[in-house]
Amino acid sequence: MISLIDGNNFYVSCERVFNPKLRNKPVVVLSNNDGCVVSRSDEAKKLGIKMGQPFFEIKPFIKKHDIKYFSSNYSLYGDMSARIIKTLEQFSPEIEMYSIDEAFIDLSHVSQEKLHEFGWKIKNTVYQHTGIPCGIGISFTKSLAKVANKIAKKSAKAKGVLALYEQSHITEALKRTEIGDLWGIGRKYAKKLKENGVNSALEYRNLEIDWLRKNLTINGVHLAQELHGISCLDLELFHEPKKSITVSRSFGRAQSDFNDIFSALANHTAVACRKLRQEGLEAQYFCIYLATSYHKENFFSDSINIRLPYYTSFTPEYLKYGLIALKKIFKENKMYKKCGILLFDLKSKSTLPSHLFDFRNLEQENALISTIDQINNRNGASSINFADLFINKNWTPQRAHVSKKYTTNLNELILAR
DNA sequence: TCTGGGGTCCTAGGACCC
DNA sequence: TCTGGGGTCCTAGGACCC
């Protein structure tokens, strides 16, 4: 058996842990750049605020109903997520942290008649240890656990915990699950399926394999089998090495000056390279990306791929080639709204030169960059950095309503108490 | 009359997830 | 004025090989 545990309205719940006044009140958390709503309390949902709704559109509504709102505070949410995993470790040796607010855990060591009780024990303990309310779904496969989790949160009877193991209950649950709520069925597939008369998960499960294969790829077939209780998706217990790393941000306001934009790109590049080093990886290819506002007329974007002479994670190398690349795609008189960098073709760090004509002094590079990383780890990001990053900060995203660093900044933690 | 068969690799685009 | 960011996987089609 597998259980899916996820934090309810996770970002909002994280904010509430350290600010109890927010309980029982409508609260939303905004995306980067205070762009749109990405997490809503139940009260905010009841008022009709939609997921992904632009903030500026609902600002008057928010003031009128005294809805509390916050810029996203990812260091706080990441830290709360780590606390949840720590708590889950006492319930099962096999845990897959699927996203910042969701984990699958193996429950094959629990007998069927104890599943429900065990689920409640997990829910209560997570709340006790972290202050985060969560939903628990339990069943034979990951996809069925997802179905159970969704119903657990909706049903007044389940109150947040549901174990599905009786066939009649599974059938009933699938009948009640709308096709678009299935894990793996997005907007496009939901539309296509409805056009073919498939409106519930139960109807989906009855579809012909060949039809699914043809119209929804092999993933669609796997989903149907999972709904029959045949496991196709294993728990991923080990952290797979990343295949790509992206860092991109919308600018606080549109930018047209080359130096301003390079300054932003340099900052994203430094963050991306640091992630690369944290993963113990190096890249040889990267792509930089530049775009105007997607929501304005004459949307324009351009990107360019760069191949470095060797695999590396040394930031100055990326800054050097990034500057050349940006000059190639930058155009005057455009109001750019966003830029980013994508690192791909990643492989494990090697300490050897890659070829005969590689004249880098790797020892020196490593000494420099690891010193910089250490200083920044100890004293906060960008305590020390490359000059390109400081040209100016006109581009910095909006983040006007951020909460305190309750868990990651000692001084603020003491103040909060 | 009439022009093979089998395979790999790469890429762009589309779909999904949170 | 103002609309997020970071990922993965699958497939079809083209290019190329013998």
Side-chain angles (χ1 to χ4, degrees), chain A residues 4-11 28-39 49-62 69-74 77-78 81 96-104 142-143 146 149-150 179-193 212-223 232-233 236 239-255 264 268 271-272 275-276 279 285 287 289 291-297 299 303 305 335 337-346 397-401:
Chain A
L4 173 69
I5 297 121
D6 75 339
N8 299 346
N9 318 328
F10 185 62
Y11 297 167
V28 299
V29 173
L30 306 173
S31 65
N32 263 320
N33 216 17
D34 294 343
C36 46
V37 173
V38 291
S39 182
I49 293 179
K50 296 275 179 284
M51 186 67 175
Q53 206 162 11
F55 181 48
F56 75 89
E57 243 174 51
I58 53 169
K59 226 174 197 168
F61 184 82
I62 280 191
Y69 52 97
F70 295 90
S71 305
S72 37
N73 185 346
Y74 289 107
Y77 312 148
S81 176
E96 172 188 342
M97 206 61 202
Y98 174 68
S99 74
I100 194 165
D101 72 329
E102 278 179 63
F104 288 104
K142 279 183 166 181
S143 303
K146 274 269 189 186
N149 174 287
K150 198 131 207 165
I179 189 67
D181 285 343
L182 267 179
W183 189 40
I185 303 299
R187 215 182 314 148
K188 294 276 173 73
Y189 283 161
K191 183 164 173 272
K192 187 181 210 165
L193 285 159
L212 282 170
R213 174 73 237 234
K214 191 158 163 267
N215 291 281
L216 286 95
T217 81
I218 189 70
N219 296 325
V221 177
H222 286 160
L223 173 57
C232 298
L233 306 168
E236 286 166 24
H239 170 79
E240 294 286 329
K242 281 195 193 320
K243 294 173 178 169
S244 67
I245 290 173
T246 315
V247 178
S248 69
R249 289 286 178 283
S250 295
F251 304 135
R253 52 187 54 142
Q255 303 289 325
H268 303 340
V271 172
K275 283 190 190 179
L276 197 57
E279 298 275 329
Y285 287 87
C287 164
Y289 164 90
T292 63
S293 173
Y294 187 71
H295 304 280
K296 291 246 167 76
E297 275 181 43
F299 169 71
S303 66
N305 285 351
M335 293 307 284
K337 188 64 182 155
K338 184 175 180 177
C339 74
I341 179 167
L342 166 68
L343 313 179
F344 58 104
D345 186 27
L346 311 184
Q398 298 283 329
R399 204 168 174 243
H401 316 289

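Remember, it's a predicted structure, so these values are computed and weren't measured experimentally.
- Here the OG-OH distance, from Ser72(A) to Tyr77(A), works out to 6.0 Å after rounding to the nearest 0.5 Å.
- Tyr189(A) comes within contact range of the sugar-phosphate backbone alone, with a heavy-atom separation under 4.0 Å but no base atom that close.
- At a threshold of 4.0 angstrom between heavy atoms, the contacts of Lys192(A) with the nucleic acid are absent.
- Looking at heavy-atom distances under 4.0 Å, Leu30(A) makes no contact with the nucleic acid at all.
- Within the 4.0 angstrom heavy-atom criterion, only backbone atoms of the sugar-phosphate kind lie near Ile245(A); the bases stay farther away.
- Residues Cys287(A) and Phe344(A) are in side-chain contact: their nearest non-hydrogen atoms beyond the backbone lie under 4.5 Å apart.
- Looking at heavy-atom distances under 4.0 Å, Asn32(A) makes contact with sugar-phosphate atoms alone, never a base.
- Within the 4.0 angstrom heavy-atom criterion, only backbone atoms of the sugar-phosphate kind lie near Lys337(A); the bases stay farther away.
- Along DNA chain B, the stretch of nucleotides lying under 4.0 Å from any heavy atom of chain A spans, 5' to 3', dA15(B) to dC18(B).
- For DNA chain B, the stems formed by at least three consecutive Watson-Crick or G-U pairs, with both atom-pair distances below 3.5 Å, span B:5-18 with C:5-18.
- Contact annotation for Lys59(A): no contact, since no heavy-atom pair falls under 4.0 Å across all strands.
- Using a 4.0 Å heavy-atom criterion, one finds that Lys214(A) contacts no nucleic acid atom at all.
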Starting from the C-alpha separation in whole Å, work towards a yes-or-no answer on side chain to side chain contact (heavy atoms under 4.5 Å, CB included) for Ile58(A) and Ile49(A). CA-CA 8 Å; Ile58(A) 53 169; Ile49(A) 293 179; 4.1 Å; yes
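- If you check every strand for non-hydrogen atoms under 4.0 Å, Arg249(A) touches sugar and phosphate atoms only.
- At the heavy-atom level, Leu182(A) lies under 4.0 Å from the strands shown only through sugar-phosphate atoms.
- Within the 4.5 Å cutoff, no side-chain heavy atoms of Leu342(A) are placed close to those of Ile245(A).
- Nucleic acid contact for Ser72(A): none, since no nucleic acid atom lies under 4.0 Å from a heavy atom of the residue.
- The residue Arg213(A) sits close only to the backbone: its heavy atoms come under 4.0 Å of sugar-phosphate atoms, none of a base.
- Between Tyr11(A) and Lys242(A), the residue anchored closer to the 5' end of DNA chain C is Tyr11(A), taking for each the nucleotide with the nearest heavy atom.
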